[in-house]
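Residue numbers run from 1 in the order of the sequence given. Keep in mind the model is a prediction, meaning the values are calculated, not measured.
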Amino acid sequence: MDELKVADKNTPYWWEAAPVRPLPPQPFARRLDVAIVGAGYAGLSAGLVLAREGRSVAAFDAINPGEGASSRNGGITSGSIRPDYATITRRFGEDKAKAVEAEGKLAREFLYDLIKTEGLDCDFKLVGRFMGAIGYDQYEKMARGAEALAKRLGIESYAVPHAEQGNYIGTEFYRGGTVRMDIGGLHPAKFHAELLRVALASGLTVHSRTPVISIEKDVSGFRVATSAGTVQARQVLVCTNGYTDAAAPFLRRRLVPVRSRIIATEELPPELMTRLMPKLMMMGENRELGFYYRPSPDGTRILLGGRDSSRGNSDPTAPTLRLRNGLVELFPELEKVRFSHSWFGNVAMNRDMLPRIFEKDGIVYATGFCGSGVVWAPWVGTRAANKLMGRAPEASSAFDFRPPASIPFYRGDPWFLPAIIKGYGLQDKIAWWRARR
């Protein structure tokens, strides 16, 4: 089994077709209408809107644009919200719960329209998503939720009983599941590259490998110090999410970077892919440390992702093996398969587990996508851009409210994550035991 412990490459599979590269040096403006911190999906989406409205705007990225989560994620257009409808109702009221749920539909539609209208070549396919149930009790709850979602929002959402599960996925691991047909898949690195292309053509300046060092308010706006010099900006928008650093200390105390790792199999025989993923849907499951998985855009591989509790430059063998074991648990036929790639990226969690737009000391933040940034980052970035321009209708969002609560004794080093992930794992074991009694 030694040869299965690590993958051939530790870089994202997505970079094979869409490598992330530094941009050529750009002219450095000393004065701007808007300075954007971060050039991922959110920062580029905001910059695109602002530049097209004639604002002088530049985005500064500490690494290469897209090198963070924007080119490392699974490419599933889920727009998931971690707390369920009942939890959001209990915490914030039913009006907020309804608004959050409805905005998910709007955000997906916005993304799909953006891809079509701008001609973004990113292998997007609206194939639907299957969610597997761990036990029949969970299936019944999920089935009721799918029915309620269809009634409330008119989304094609339905239950799949265990007897019909094989039409969607070639495994006996689940006890049925649900399908949503408003979710699809795309190539995340191609999506970022295309978004970057359109944003640059619209007049946005993007500085790669130019970290922001500090942001200070003054009488005419903000002094934004970067590694390439200081710029005077009338407004500032921070879109750093899971890669937030000391340049945004207020945000850093409220966002926890969590590693998510993905493995990609070698190319599989067509008949095997047809048996395991007959509809080539996006896939997921309802466990605290559940896996998300999908076929590659060309339908030749399976990519599977999940949480990674390792830290720093630790050996990737253990988290890669965890994903391998999960894949084999689902699909025993893949026990001897090799992996071409294993990589990780940071998602950003907060105490509310809701995306956020907020303003603090004049700085606007668009952040906190909680693992679903493919849908939420372009939507929230666009809303935040309209907020900067004072366009109330276009800026309106259920996620525009108070900042997330800070985390006690936390200043950017998530030392507590391994213990939390172990706790989630224990919850999953208990749930599994109850489901199989």
Colleague: For S80 and S372, indicate whether the former's side chain and the latter's backbone hold a donor-acceptor pair under 3.5 Å.
Modeller: no

Colleague: Does this structure show an ion pair linking E103 with R383, if we count only N-O contacts that are shorter than 4.0 Å?
Modeller: no

Colleague: With a 3.5 Å distance limit and no angle check, can you tell me whether R253 reaches the backbone of Y410 through a side-chain donor-acceptor pair?
Modeller: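 It does not hold such a pair.
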
Colleague: With a 3.5 Å distance limit and no angle check, can you tell me whether D61 reaches the backbone of A39 through a side-chain donor-acceptor pair?
Modeller: yes

Colleague: Give a yes or no answer on whether the side chain of T244 reaches the backbone of N241 with a donor-acceptor pair at less than 3.5 Å.
Modeller: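 Yes; judged by distance alone, with no hydrogens or angles, the pair exists.
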
Colleague: Do E16 and H341 touch side chain to side chain, with heavy atoms closer than 4.5 Å?
Modeller: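 With C-beta onward as the side chain, the pair touches.
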
Colleague: Taking all non-hydrogen atoms of both residues, which atom of A46 and which atom of L237 are closest, and how far apart?
Modeller: CB-CD2, 3.4 Å

Colleague: State yes or no: are the ring centers of Y41 and F369 separated by less than 6.0 Å?
Modeller: no

Colleague: Between K96 and A398, which heavy-atom pair has the shortest distance, and what is it?
Modeller: NZ-O, 2.7 Å

Colleague: Do other residues, nucleotides or ligands put more than 12 heavy atoms under 6.0 Å from R31 CZ?
Modeller: no

Colleague: With distance as the sole test, does S208 use its side chain to make a donor-acceptor pair with the main-chain N or O of L23 at under 3.5 Å?
Modeller: yes

Colleague: So do T265 and L327 actually touch side chain to side chain, heavy atoms under 4.5 Å?
Modeller: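 Yes, their side chains come closer than 4.5 Å.
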
Colleague: Could you tell me whether the side chain of R254 and the main chain of P404 form a donor-acceptor pair under 3.5 Å?
Modeller: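 Indeed, once roles are kept as given, a pair shorter than 3.5 Å links the two residues.
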
Colleague: With heavy-atom distances below 4.5 Å as the criterion, would you say the side chains of I76 and V374 are in contact?
Modeller: no

Colleague: Would you confirm whether E285, through its side chain, and F291, through its main-chain N or O, come within 3.5 Å as a donor-acceptor pair?
Modeller: yes

Colleague: Give a yes or no on whether R82 atom CZ has more than 12 heavy-atom contacts from other residues, nucleotides or ligands under 6.0 Å away.
Modeller: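 Above 12, so yes.
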
Colleague: Are the side chain of S71 and the backbone of G66 linked by a donor-acceptor contact shorter than 3.5 Å?
Modeller: yes

Colleague: If you measure from CG on L195 to CG on L120, what distance do you get to the nearest 0.5 Å?
Modeller: 6.5 Å

Colleague: So, N73 side chain and A69 main chain: donor-acceptor pair closer than 3.5 Å or not?
Modeller: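 Side chain of N73 to backbone of A69, a donor-acceptor pair under 3.5 Å: yes, one is there.
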
Colleague: Distance check, rounded to the nearest 0.5 Å: L321 atom CG versus I263 atom CD1?
Modeller: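 If we round to the nearest 0.5 Å, L321:CG and I263:CD1 are 9.5 Å apart.
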
Colleague: Is any side-chain heavy atom of V127 less than 4.5 Å from a side-chain heavy atom of M282?
Modeller: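 Yes - at least one pair of side-chain heavy atoms lies under 4.5 Å apart.
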
Colleague: In this structure, are over 12 heavy atoms from other groups packed under 6.0 Å from R223 atom CZ?
Modeller: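 At most 12 heavy atoms, drawn from other residues, nucleotides or ligands, come within 6.0 Å of this atom.
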
Colleague: Considering all heavy atoms of both residues, which atom of L48 and which atom of S202 are nearest to each other, and what is their separation?
Modeller: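 Scanning both residues completely, I find the closest heavy atoms to be CD1-OG, 3.2 Å.
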
Colleague: Does some side-chain heavy atom of R259 sit less than 4.5 Å from a side-chain heavy atom of P319?
Modeller: no

Colleague: What verdict does the side chain to side chain contact (heavy atoms under 4.5 Å, CB included) test give for I115 and C122, after you've listed the backbone C-alpha separation in whole Å, the side-chain angles of each residue and the deciding distance to 0.1 Å?
Modeller: CA-CA 8 Å; I115 292 170; C122 58; 4.0 Å; yes

Colleague: To the nearest 0.5 angstrom, please state how far the OH atom of Y139 sits from the OG1 atom of T178.
Modeller: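 Rounded to the nearest 0.5 Å, the OH-OG1 separation comes out at 9.0 Å.
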
Colleague: Do E156 and R180 have side-chain heavy atoms sitting under 4.5 Å apart?
Modeller: no

Colleague: Other residues, nucleotides and ligands only: do more than 12 of their heavy atoms fall within 6.0 Å of NZ on K141?
Modeller: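 No.
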
Colleague: Determine which pairs satisfy salt bridge (Lys or Arg N to Asp or Glu O under 4.0 Å) with at least one residue from residues 227-248, sequence neighbours left out, and list them in order.
Modeller: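 Listed by first then second residue: D33-R234.
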
Colleague: Given Y292 and S78, is the side-chain hydrogen bond (donor to acceptor under 3.5 Å, both in side chains) satisfied, shown in steps?
Modeller: CA-CA 10 Å; Y292 55 92; S78 65; over 6 Å; no

Colleague: Roughly how far, to the nearest 0.5 Å, is the CH2 atom of W14 from the NZ atom of K190?
Modeller: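 Nearest 0.5 Å value for the NZ-CH2 distance: 9.5 Å.
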
Colleague: Hey, what do you get for CG (L32) to CG (L50), rounding to the nearest 0.5 Å?
Modeller: 11.0 Å

Colleague: Check the pair L44 / V206 against side chain to side chain contact (heavy atoms under 4.5 Å, CB included), numbers first and verdict last.
Modeller: CA-CA 9 Å; L44 292 182; V206 179; 4.1 Å; yes

Colleague: Any chance the rings of F399 and W379 have centres within less than 6.0 Å?
Modeller: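 Aromatic pair excluded; centres sit 6.0 Å or further apart.
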
Colleague: Name the atoms and distances for all side-chain donor-acceptor pairs under 3.5 Å in residues 353-365, with sequence neighbours left out.
Modeller:
residue	atom	partner	partner atom	Å
R356	NE	R402	O	2.7
R356	NH1	L354	O	3.4
R356	NH2	D352	OD2	2.2

Colleague: Can you confirm whether D8 is buried at CG, in the sense that more than 12 heavy atoms of other residues, nucleotides or ligands lie under 6.0 Å from that atom?
Modeller: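 Atom CG in D8 is crowded, with more than 12 foreign heavy atoms closer than 6.0 Å.
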
Colleague: Would you name the heavy atoms of V224 and A35 that are closest together and state the gap between them?
Modeller: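 That closest heavy-atom pairing would be CG2-CB, 4.2 Å.
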
Colleague: Is W343 close to W15 at the side-chain level, that is, under 4.5 Å between some pair of heavy atoms?
Modeller: no

Colleague: I'd like to know if the side chain of H192 reaches the main chain of E67, judged simply by a donor and an acceptor atom lying under 3.5 Å from each other, with no hydrogens or angles considered.
Modeller: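 Checking the backbone N and O of E67 against the side chain of H192, no donor-acceptor pair under 3.5 Å is found.
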
Colleague: N64 and R21: side-chain hydrogen bond (donor to acceptor under 3.5 Å, both in side chains), yes or no, with the steps?
Modeller: CA-CA 6 Å; N64 295 320; R21 299 187 177 98; over 6 Å; no

Colleague: Is any side-chain heavy atom of L304 less than 4.5 Å from a side-chain heavy atom of F331?
Modeller: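 Answer no - side chains too far apart.
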
Colleague: Below 4.0 angstrom, N of the basic side chain to O of the carboxylate: do R197 and E194 qualify?
Modeller: yes

Colleague: How close do R72 and Y243 get, counting heavy atoms only, and between which atoms?
Modeller: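 That closest heavy-atom pairing would be CD-OH, 3.9 Å.
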
Colleague: Report the C-alpha separation of D218 and Q232 in whole Å, then their side-chain angles, then the decisive distance to 0.1 Å, and conclude whether the side chain to side chain contact (heavy atoms under 4.5 Å, CB included) test is met.
Modeller: CA-CA 9 Å; D218 63 18; Q232 187 74 36; 2.9 Å; yes

Colleague: Can we call the ring centroids of F124 and F191 under 6.0 Å apart?
Modeller: no

Colleague: Rounded to the nearest 0.5 Å, what's the gap from CZ on F130 to CD1 on I183? Could you check?
Modeller: 13.0 Å

Colleague: Under the ring-ring contact (aromatic ring centres under 6.0 Å, His included) definition, can you give me all pairs with a residue in residues 207-242, not counting sequence neighbours?
Modeller: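 Pairs touching residues 207-242 that pass the test: F28-H207, F60-H207.
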
Colleague: Give me the atom names and distance for the closest heavy-atom approach of I81 to V100.
Modeller: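 Looking at all heavy atoms of both residues, the shortest contact is CG1-CG1, 3.9 Å.
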
Colleague: Evaluate side chain to side chain contact (heavy atoms under 4.5 Å, CB included) for H187 paired with Y13, printing each intermediate quantity in order.
Modeller: CA-CA 10 Å; H187 189 299; Y13 166 73; 5.5 Å; no

